[in-house]
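Notes follow the structure.
Naming: A, B, ... by sequence-line order, numbering from 1 per chain.
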Amino acid sequence: MTETGLETFFEAFLKKDSVFFDKKVIQSNYTPETILHREEQTKQIANILAPALKHEKPSNAFIYGKTGTGKTLTVRHTTKKLMDVAEKEEVPLKIIYLNCKLKRGVDTEYRLIAQLARELGKSIPPTGLPTEEVYRSFFKALNKQKQNYIIVLDEIDQLINKTGDNALYNLTRTTTEDTESQITIIGISNDVTFIDCLDPRVRSSLSEEEIVFPPYNALQIQSMLRQRAEMAFKKGVLEQGVIEKCAAYAARDHGDARRALELLRVAGEVADRKNSKKVMISHIDEAEEKIDRDRITDVVATQPKQYQLVLYSIFSLQPNRNTPLFTGEVYEVYKSLCHKTDTSVLTQRRVSDILSEFDMLGIINAKTISNGRYGRTRNISLDIPETTFLKIKNILEENLKV
DNA sequence: GTCAATTCACATGAAAGAGACCACGGTCTAGTG
DNA sequence: CTAGACCGTGGTCTCTTTCATGTGAATTGACGA
């Protein structure tokens with residue numbers, strides 16, 4: 001594209017009509033004023049937390065439900081309203097919200113406490129201090145002001161999976177020791193079964209109250225989409241049935257509202273790119289494919305080199321095969337690939353772990369099976385759509401220079 | 001033909017090492033008055 | 001005299017390796033009918 005070509009492109013882009021009226025309404029971080037279909041849960045949470053306004057300690061609570069059922073949204077909404085009132089009435093109260101999602105920095109006991117302490121205005125180095133020390137300065141910060149603390153731990157299951165329940169145990173226990181300040185813990189989890197693998201002491205104190213967020217059904221998702229779409233899109237750009245189809249797609253896999261919204265937004269973007277004045281039903285199909293593709297390519301591109309090598313080994317083996325691959329085979333290819341790219345070779349033990357991580361990410365399918373006399377291994381096959389295959393392969397080849 | 005033992009090719013766990021980070025405190029050095 | 005540079009220490013975290021143990025069914029081989 002020549003320089004002037006670029007300019008005209010940008011100018012054309014500016015003038016181009018968009019189906020969106022206010023796009024941010026439909027983006028994932030937007031918090032709507034009213035939350036639909038969650039009146040019951042909002043009330044429960046409010047009931048649990050309300051004592052904080054009277055300087056009493058609210059019960060700890062455990063909230064669970066599948067992804068995209070509005071847990072985080074509802075909790076944030078309710079706590080915010082609570083905070084508003086607390087400020088107006090000048091009740092000392094502090095709400096700390098923490099997302100424990102992996103790769104976000106809060107995935108060890110040390111980091112959890114350090115992060116909490118940081119929320120209280122302490123500066124804690126990212127590493128280097130004994131964990132004990134961090135606890136101490138955290139409690140010191142707690143006791144400095146006498147007030148109620150509500151700690152919301154989002155995706156708490158991730159934290160426990162990685163670090164065990166040590167941190168939680170310490171946190172729940174302090175509530176009884178500390179007379180100065182009171183801590184309430186709200187745990188949010190996608191995984192219902194996770195509570196079972198907690199230490200019984202932690203479990204009983206954490207789940208003093210339990211709230212379940214059931215999945216939305218298709219009708220509820222529809223009304224939610226309508227509410228947002230009304231603000232996000234221009235009038236009349238949505239073809240008949242678009243919202244219904246988005247809702248149906250999302251309801252198909254466990255009523256994930258977030259997914260429904262994303263689908264609708266991407267469908268809008270697809271329509272824009274095609275210079276379509278309307279969002280058609282066919283755009284939704286494209287949007288769904290695009291979301292899938294983006295997710296996978298994103299994950300692949302950000303993997304470390306060794307991981308990419310392992311994955312590339314699978315990629316280079318797969319096409320000429322109808323039967324699944326097994327671990328030893330992949331490892332052999334991986335080894336030769338390492339020599340070719342001048343990379344250090346990891347042990348089979350490690351590669352085995354890498355494979356199971358890919359399995360968890362949903363990039364490959366790995367089922368352990370036993371071939372009787374001929375050993376036990378994983379049956380490995382790629383779990384990505386045809387259309388994405390080449391694209392990912394190119395990314396890998398480029399990154400690895402093979 | 002039946003049944004227990006064997007065997008394969010890894011899976012899965014636990015523990016420990018290497019190396020990168022980082023804060024903290026002490027020591028050294030150069031610049032300033 | 002003091003600020004800043006520079007170590008050494010002691011801690012965490014992540015990625016790996018090493019060593020050990022577990023697994024599930026095809027195969028094998030002994031045994032009895």
Nearest-Å distance, [atom1] ([X]) to [atom2] ([N])?
X	N	atom1	atom2	value
A/Asp353	B/dG13	CG	P	9 Å
A/Leu346	C/dT17	CG	P	5 Å
A/Ile380	B/dA9	CD1	P	16 Å
A/Lys305	C/dT14	NZ	P	23 Å
A/Ile113	C/dC13	CD1	P	11 Å
A/Glu357	C/dT16	CD	C1'	13 Å
A/Asn371	C/dT23	CG	C1'	13 Å
A/Gln303	C/dC15	CD	C1'	14 Å

By side-chain contact (heavy atoms from CB on, under 4.5 Å), which residues pair with A/Asn371, not counting sequence neighbours?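 A/Asn371: side-chain contact (heavy atoms from CB on, under 4.5 Å) contacts with A/Ile369, A/Tyr374, A/Thr377.
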
Below the 4.0 Å mark, does [N] have OP1 or OP2 next to a side-chain nitrogen or oxygen of [X]?
X	N	answer
A/Arg378	B/dT12	yes
A/Tyr374	B/dT7	no
A/Thr347	C/dT17	yes
A/Ser352	B/dA11	yes

Please tell me which of the listed nucleotides, [options], lies nearest to the side chain of [X]?
X	options	value
A/Ser370	C/dA25, C/dT18, C/dC13	C/dA25
A/Arg350	C/dC13, B/dA11, C/dC15	C/dC15
A/Phe326	C/dG24, B/dA11, B/dC10	B/dC10
A/Arg373	C/dG24, B/dA11, B/dT7	B/dT7
A/Arg349	B/dG13, B/dC10, C/dT14	B/dG13
A/Thr368	B/dT12, C/dA25, B/dC10	B/dT12

Starting at the 5' end of DNA chain B and moving along, which residue's nearest nucleotide shows up first, A/Arg376 or A/Ser356?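 That would be A/Arg376.
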
By the 4.0 Å heavy-atom rule, please label A/Val330 as base, sugar-phosphate, or nothing.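 Here A/Val330 touches no strand at all.
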
Between A/Arg273 and A/Glu286, is the closest basic N to carboxylate O distance under 4.0 Å?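 No, this pair does not count.
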
Rounded distance [0.5 Å steps], CG in A/Leu225 versus CD1 in A/Ile26: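 A/Leu225 CG to A/Ile26 CD1: 7.0 Å, rounded to 0.5 Å.
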
Rounded to the nearest 0.5 Å, how far does CD of A/Glu262 lie from NZ of A/Lys290?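 It is 9.0 Å, given to the nearest 0.5 Å.
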
Testing A/Arg293, A/Lys245, A/Arg259 one by one against A/Glu288 for a salt bridge (Lys or Arg N to Asp or Glu O under 4.0 Å), which residue passes?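 Between A/Glu288 and the candidates, salt bridge (Lys or Arg N to Asp or Glu O under 4.0 Å) is satisfied uniquely by A/Arg259.
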
